[in-house]
Amino acid sequence: MKIINSKIDGLIVRPSGPWIKQKYFYFKRYLDILTKGMKNKWAGNLTFVDLFAGPGRCLIEKTNEDIEGSSLISLQYGFRQYIFIEEQKELIKVLEERCRKSPEFSKIVFLQGDCNGIVEETIRKIDSSSLSLIFADPTGLDLHFSTIEQITLQRKVDLLLNIQFGTDIKRNFKLYKKQGDSSKLGLFLGGEVNWSKVNLPIDAIKLYKEVIGRLGFKTVEFKDITIKNTMNTPMYFLLFASKNPRGLDFWKKTTVKDLSGQPELF
Ligand SMILES: C[S@@+](CC[C@H](N)C(=O)[O-])C[C@H]1O[C@@H](n2cnc3c(N)ncnc32)[C@H](O)[C@@H]1O
């Protein structure tokens, strides 16, 4: 990652493009609807897990806007527990430093490592009686299906996943097919992939929804939110999955408006 320091707090920021505003729009809207909607049923018993946390702030280089990233944003929604995971030592330290100023600091668990490699440790930290929102916002196709499988086993979990379709699956599709089950796509799909059914990049998404569906999650009937770059090219999309009709309802409400405030067309 290019090293840029924030003008706001002097610590490292993650450089990004203006499209992240769309992502954060839906992310905030969803957190708002979730935490308000669960006030009675899950009052105070929601856990937020950020699998690819980053350093806590992003810089939109084009406009020089220095904005909060997903972990810092989540601290405004009063979760009972926060688990932030980041692979890079330097970045998790920066994130911890930033979070120190928050009144929520004592509720945060910081874990450094590959979220796929430290999944057992992560599970041990999650309060088993809570409803967890697992947020995965990788830069590439870095989330293994086995991680989802383990983290969702016998616990109440909703998933909000950034799926790198344009920026990774489409771009590297031929290579991944050649590499097979051990490729990033193979691990994303859970291995033992019937590759004869994956002829186009979009087939991988259909299969992903199928394998997630086998865990009891519903995804297909919902709107996936596509995030486009400044050339209007789709980069990635947000996929929401829940086993609970209420959870699904929250996502539907989240996606009825876009960043411009216009109703989204289904
Ligand atoms: C797109 S950035 C995260 C952005 C963050 N959600 C935000 O809003 O600022 C992805 C982050 O995941 C980290 N990362 C990449 N692979 C990882 C892995 N396997 N486990 C945990 N973190 C990882 C990267 O170092 C990077 O900081």
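Each ligand, and each atom within it, is numbered from 1 in the order the structure gives.
Interface atoms of ligand 1 facing Gly113, defined by a heavy-atom separation under 4.0 Å, are 20 (N), 21 (C). Taking every non-hydrogen atom of Thr139 and a distance limit under 4.0 Å, the qualifying atoms of ligand 1 come out as 1 (C). Using a 4.0 Å cut-off to heavy atoms of Gly69, the atoms of ligand 1 that qualify are 7 (C), 8 (O), 9 (O). Close contacts of ligand 1 with Tyr24, meaning ligand atoms under 4.0 Å from a residue heavy atom, involve 7 (C), 8 (O), 9 (O). Residue-ligand proximity, Cys58 to ligand 1, at heavy-atom distances under 4.0 Å covers atoms 9 (O).
Between Glu86 and ligand 1, at least one N/O pair is under 3.5 Å apart. Considering backbone and side-chain atoms alike, Cys115 places an N or O below 3.5 Å from some N or O of ligand 1. Between Glu87 and ligand 1, at least one pair of N/O atoms sits closer than 3.5 Å. Note: no N/O pair closer than 3.5 Å links Asp142 and ligand 1 by distance alone. When only interatomic distances are considered, the shortest N/O to N/O separation between Asp114 and ligand 1 falls below 3.5 Å.
Between Lys177 and Trp195, the shortest heavy-atom distance links the atoms NZ-O, 3.4 Å.
Side chains of Leu75 and Phe84 form a contact here, defined as non-hydrogen atoms less than 4.5 Å apart. Within the 4.5 Å cutoff, the side chain of Phe165 has no heavy atoms near those of the Leu239 side chain.
For an aromatic pair to be called close, the ring centres must be under 6.0 Å apart, and Tyr30 with Phe240 satisfies this.
Tracing side-chain contacts under 4.5 Å through hydrophobic residues (I, L, V, M, F, W, Y), one reaches Leu51 starting from Ile163; they form part of the same cluster.
Close to ligand 1: Leu51, with a non-hydrogen atom less than 4.0 angstrom away.
In this structure, Glu97 does not pair ionically with Lys93, as no charged nitrogen and carboxylate oxygen lie closer than 4.0 Å.
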